[in-house]
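In each ligand, atom 1 is the first atom listed, and ligand 1 is the first ligand listed. Sequence positions, counted from 1, serve as the residue numbers for this chain.
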Amino acid sequence: MSSSLDSHTSQTWGGRFSEATDAFVQEFTGSYSFDHVLAHYDIQGSRAHADMLAASGILSNEDLSDIHRGLTQVEDEIASGAFRWQVELEDVHMNIEARLTQLIGDAGKRLHTGRSRNDQVATDIRLYLRAAIESIRSQMTRLRTGLIDQAERYADTVMPGFTHLQVAQPVTFGHHLLAWNEMLARDDSRLADCSSRMNYCPLGSAALAGTSYNIDRHMTATALGFQAPTENSLDSVSDRDFAIEFTSAAAITMMHLSRMAEEMIIWTSAQFDFVDLPDRFCTGSSIMPQKKNPDVPELIRGKAGRVQGHLVALITLMKGQPLAYNKDNQEDKEPVFDAVRTVHDSLLAFADLIPAMSAKPASMRRAASLGHPTATDLADYLVRKGVAFRDAHEIVGTAVGIAESEGVDVAELSLETLQNLSTDITDDVFDVLTLEGSVAARDHIGGTAPKQVLAAAKRARDALNS
Ligand code: ARG
């Protein structure tokens, strides 16, 4: 009987080959150096597959117990670092199978009955991503909890709201933080959505066409916690759209984290001075003793670029592939693994940092008073007194011009000056011209009034805990 060991090569598939693989080609085509992170999921999949083979009468119970014993030892060896990875065994799947066979003999060779590395790897990545999404989402929950806590703490802290990065209208800091929470809530639901869409089991699709053994695909799907088996074997072994979808959700999340980072960087500058980040999240300069740099937000802003890059890599990887499996797909792993690590660690960093960030209400207030932030409130006041909005806009424009020439804010103009512009103005105008009056007036769902911020924070917390 010929075995792979008798052939010209030491590879598991060496039977039909008459010369050994070129050493560089071995390195070039090998993937164990990165796909070893799938080992745990590969073993999990093998256990479920073996159980199903035995239950279907394809594998003896004796072989099954040998396989379980062997897989446990392989798992221990990998965990302890004693496992010897071999480049000539190409990838995680064949490294594990070869070691298993070394440990338990022929039963190890029977494990691959009715499956292929093609359905095996498609299963492994799904299992890996499903777990990765779960741990990413738990960091997301920590971060969102921190944002909601801070929003309650700063529900009535007034800061300037910007459009075009020009002071526009006063808002509350709590409102701003809850805007971040909304962005992340959508990211979280994208992640959940992608996790449930990928939760179907490819095992049994074998190389591409299915298998001639009388297997039970429902059994493996259930054992591995999938919703059901996948429908079509060709599609199952070839498409990596789920990985693309995950990376897309990760890229959007990183884009949001990057926007948050950008604001924190601006806010910690001396010119803004809106927030303080604790020293433990910052670094100094080797030359300028006074510096305290917001490195964590800056790195997160930078790391958003690499995840965006991974998305482009993956979608490009897929676009030219005919059905079914192609080796191109081995290139899916490094981008996906890096996207997972990057988005997870970035969320973790912000989840630690946000609760420790403190606002500087006095500087926020000072900044909010620059640039006539309550001019719109004056126009709205006139409209309430019966002036048409366009006329009100014109009157307030004139008032702003006068204030500018006097070097004061529109809120500081005298009642007399204002009444010269419109006889509809009475002394209650100053209630709406204050920063507090302005934010309190935006008192509807989605508005910046402190009352609304507290109500929104409560809804956000309920949504998070539901
Ligand atoms: N390492 C391979 C991958 O990541 C496993 C599947 C290989 N299948 C094959 N027919 N060469 O895609």
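- Looking at atom 12 (O) of ligand 1, its nearest protein heavy atom turns out to be Tyr325 OH, 2.4 Å.
- An N or O contact shorter than 3.5 Å is missing between Asn329 and ligand 1 by distance.
- The closest side-chain donor-acceptor pair between His176 and Glu263 falls under 3.5 angstrom.
- Pairing each heavy atom of Ala54 with each of Leu64, the nearest pair is CB-CD2, 3.6 Å.
- Under the 4.0 angstrom criterion for non-hydrogen atoms, Lys333 is in contact with ligand 1.
- Of all atoms in ligand 1, numbered sequentially from 1 with element shown, those under 4.0 Å from a heavy atom of Asp91 are 1 (N), 2 (C), 5 (C).
- Taking every non-hydrogen atom of Ser31 and a distance limit under 4.0 Å, the qualifying atoms of ligand 1 come out as 1 (N).
- Not a single donor-acceptor pair under 3.5 Å links the side chain of Asn199 to the backbone N or O of Ser195.
- For atom 10 (N) of ligand 1, the candidate residues are Asn326, Val121, Asn118; the nearest heavy-atom contact is made by Asn118.
- In terms of polar-atom proximity, Arg240 is not counted as a contact of ligand 1, lacking any N or O under 3.5 Å from an N or O of the ligand.
- Of the possible polar contacts, none joining the Lys303 side chain to the Asp345 backbone as a donor-acceptor pair under 3.5 Å is found.
- Regarding atom 2 (C) of ligand 1, its nearest protein heavy-atom neighbour is Gln330 OE1, 3.3 Å.
- In this structure, Asp462 pairs ionically with Lys458, as a charged nitrogen and a carboxylate oxygen lie closer than 4.0 Å.
- By the 3.5 Å distance cut-off applied to N or O atoms, His93 is not counted among the residues near ligand 1.
- Judged by a 6.0 Å distance limit and a 45° cone about the ring axis, Arg197 is not positioned over the six-membered ring of Phe242.
- The nearest protein atom to atom 11 (N) of ligand 1, hydrogens excluded, is given as Arg117 NH2, 3.4 Å; this is a heavy-atom distance.
- The backbone N or O of Arg341 sits nowhere less than 3.5 Å from a side-chain atom of His344 that would complete a donor-acceptor pair.
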